[in-house]
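Heads up, the thing below is written out as C-alpha cells.
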Amino acid sequence: MEACGLRSQTTLRTSVSIEGVGLHSGHPALAHFRPAPPDHGLVFVRLDQPNSRIPASLASAKTFDYATTLSSGGVSIGTVEHVLSAAAGEGLDNCLIEIEGPEVPILDGSALPFVRLFHAAGFERLPARVSPLTLSRPVAVTRGDRSVSFEPDGPGLTITYEIDFPHPVVGRQSLTVPIRPEEYSARVAPARTFGFAREIETMRARGLARGGNLHNAVVLDETGIISGPLRFRDEFVRHKILDLVGDLALLGRPLSGHIRANKAGHALHIEFARALDEAMREPAREVETEREERVEGLRSNV
C-alpha cells in the first residue's frame with residue numbers, strides 16, 4: 001500500500017468474512033467485508049435491521065463506554081474501533097461492512113485478524129484520489145491530567161501516546177509510532193485490549209464484557225497477568241494507539257501531523273476528533289463570512 005499522500009483510494013478486491021463473539025454483548029457475531037466504489041467510505045450495515053446504514057463518521061459516534069459505538073436511525077453497531085483501526089492503519093478507504101449481530105467480533109482482542117483478512121482479500125486501487133485532511137494550526141483537548149493534542153508536522157501521521165497505570169506490569173509507558181501500513185501491521189495491530197480482573201464483575205453487571213475471556217484480552221490481577229504472555233512488553237500503550245487510530249478513522253479521511261495523547265480513552269479521543277473537525281471547518285466559515293461582508297458592503301454602496 002502507498003503512504004497516505006495523494007494516493008489512489010482503495011477497496012477490497014473480493015469479499016471476505018470472519019466470525020467470533022461480541023466482547024460486551026457476548027453474542028455471536030459474523031462480519032462480512034465487501035468491495036465498495038470510490039467515495040463510499042467505510043459503512044456498516046446490521047443485517048438483522050433492514051435498510052440500516054451506519055457510516056463510520058463522527059456524526060454516528062454515540063457512546064464510548066469501554067468501546068466506541070456507532071448509531072444511525074436508531075440502529076447501533078458496537079465495538080467498531082478495532083476494525084476501523086485496521087482499515088485506517090492499512091489504508092482501506094471504501095468498504096461495506098455487514099454485521100450479523102449487535103457488535104463487531106472481538107476475535108483475539110487486537111486488530112491483527114482484520115489486517116490479515118484484508119490482505120487475504122487484496123486491495124484494489126480505485127480511479128479516485130484520497131483527499132487528506134490538512135490543518136495548519138495546533139488543536140488540543142485537555143481534561144484534568146488527560147489530554148490529546150495535534151501539531152502540523154509534514155505529510156503522514158505520527159502518534160505519541162503515554163499511559164500511567166498503578167500496576168506493576170503496566171506502570172508508565174510511552175511510544176511514538178508513524179502510522180504507515182508496514183509500521184502499523186507490525187507494531188500496533190497485534191496489541192490486544194486489556195482489563196483488570198477486579199473490574200470484570202462490575203462491568204458484567206452493567207451489561208459489558210460478557211464475551212470477554214482470557215483468549216481475547218490481556219487480563220491483569222493485582223500483581224500480574226493471568227491471561228498468558230504479552231506480545232510486547234509495552235503492549236498496553238500500543239493498544240491505546242490502536243484505539244486512537246480507530247477513533248480518528250471517524251474523521252473520514254487520513255490526517256497528517258503529530259498527535260500526542262496522555263492518559264486518554266475513547267470519549268476523549270472522540271472529543272478531540274470533533275475538535276479537529278471543527279478546526280478544519282473554521283477557515284471555510286471565515287471565507288464565507290468575508291464573502292457575506294463584501295456583499296453587504298456592495299449593497300450599502302448601491
Side-chain angles (χ1 to χ4, degrees), residues 20-27 29 63-69 78-83 85-86 89 103-115 142-148 159-177 183-247 259-269:
V21 66
L23 173 63
H24 293 300
S25 68
H27 296 154
T63 60
F64 324 106
D65 200 359
Y66 293 96
T68 297
T69 297
T79 320
V80 299
E81 61 272 16
H82 297 175
V83 69
S85 183
E103 276 185 283
V104 176
I106 189 61
L107 306 175
D108 70 349
S110 79
L112 189 58
F114 295 116
V115 169
T142 301
R143 295 290 176 263
D145 64 347
R146 301 176 299 118
S147 64
V148 191
I159 294 178
T160 297
Y161 213 118
E162 183 172 331
I163 61 173
D164 190 3
F165 285 87
H167 189 280
V169 176
V170 188
R172 183 182 294 272
Q173 298 185 359
S174 181
L175 184 65
T176 297
V177 179
E183 294 275 353
Y184 177 86
S185 60
R187 302 178 63 191
V188 177
R192 296 162 295 171
T193 192
F194 62 94
F196 297 91
R198 66 176 182 271
E199 299 176 354
I200 290 176
E201 288 308 314
T202 301
M203 292 175 67
R204 286 180 174 166
R206 296 171 53 198
L208 302 171
R210 292 180 175 177
N213 57 54
L214 301 182
H215 302 290
N216 58 28
V218 177
V219 183
L220 303 107
D221 62 13
E222 297 304 318
T223 59
I225 301 169
I226 61 176
S227 54
L230 293 174
R231 294 177 176 176
F232 309 94
R233 168 64 187 86
D234 58 354
E235 186 167 359
F236 307 96
V237 73
R238 291 173 191 250
H239 187 78
K240 299 294 282 188
I241 292 173
L242 185 161
D243 279 347
L244 177 55
V245 171
D247 289 334
I259 292 175
R260 292 175 173 85
N262 181 48
K263 301 181 183 178
H266 290 298
L268 195 60
H269 293 169

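Note: hydrogens, waters and symmetry copies are ignored here, and every other heavy atom, side chains too, is used.
- Looking at every heavy atom in both residues, Leu107 comes nearest to Pro113 through CD1-CB, 3.6 Å.
- For the pair Asn216/Val21, a side-chain contact is recorded, criterion being any heavy-atom separation below 4.5 Å from C-beta on.
- With sequence neighbours excluded, no residue forms a ring-ring contact (aromatic ring centres under 6.0 Å, His included) with His215.
- Glu183 approaches Val177 most closely through the heavy-atom pair CB-CG1, 4.4 Å.
- Side-chain contact check for Leu230 versus Phe236: some heavy-atom pair is nearer than 4.5 Å.
- Atom OG of Ser147 is separated from atom CG of Leu268 by 7.5 Å, given to the nearest 0.5 angstrom.
- Going from atom CD1 of Ile241 over to atom CD1 of Ile259 covers 11.0 Å, rounded to the nearest 0.5 Å.
- Here Ile106 contributes atom CD1 and His82 contributes atom NE2; the two are 5.0 Å apart, rounded to the nearest 0.5 Å.
- Taking NE2 of His266 as the reference point, atom NZ of Lys240 lies at 6.5 Å (rounded to 0.5 Å).
- Residues satisfying the ring-ring contact (aromatic ring centres under 6.0 Å, His included) test with Phe232, not counting sequence neighbours, are none.
- With sequence neighbours excluded, the residues that form a salt bridge (Lys or Arg N to Asp or Glu O under 4.0 Å) with Asp164 are Arg172.
- Listed here is the closest heavy atom pair of Pro190 and Ser185: CD-O, 3.5 Å.
- Side chain of Ser110 to main chain of Ala189: a donor-acceptor pair is present (N/O by atom type, distance under 3.5 Å, no hydrogens or angles).
- Judged purely by atom type and a 3.5 angstrom limit, Thr79 has no side-chain atom pairing as donor or acceptor with the backbone of Ala67.
- Contact record, Ile163 with Val237: CD1-N, 3.7 Å, taken as the closest heavy-atom pair.
- Looking at every heavy atom in both residues, Asp243 comes nearest to Glu81 through OD1-CG, 3.5 Å.
- In this structure, Arg187 and Leu175 have side chains that are in contact, with non-hydrogen atoms separated by less than 4.5 Å.
- To the nearest 0.5 Å, the span separating CD on Gln173 from CZ on Arg238 amounts to 9.0 Å.
- Side-chain contact between Phe165 and Leu220: absent, with no pair of heavy atoms (C-beta onward) separated by less than 4.5 Å.
- At distances below 3.5 Å, at least one donor-acceptor pair connects side-chain atoms of Tyr184 with backbone N or O atoms of Ala86.
- Every residue meeting the ring-ring contact (aromatic ring centres under 6.0 Å, His included) condition with Tyr161, not counting sequence neighbours, appears here in chain and number order: His269.
- With sequence neighbours left out, the salt bridge (Lys or Arg N to Asp or Glu O under 4.0 Å) criterion links Glu235 to Arg192.
- Heavy-atom minimum distance, His167 versus Asp221: NE2-O, 2.7 Å.
- For Phe64, the ring-ring contact (aromatic ring centres under 6.0 Å, His included) test picks out no residue, with sequence neighbours left out.
- The backbone N or O of Gly22 lies less than 3.5 Å from no partner atom in the side chain of His27, so there is not a single donor-acceptor pair.
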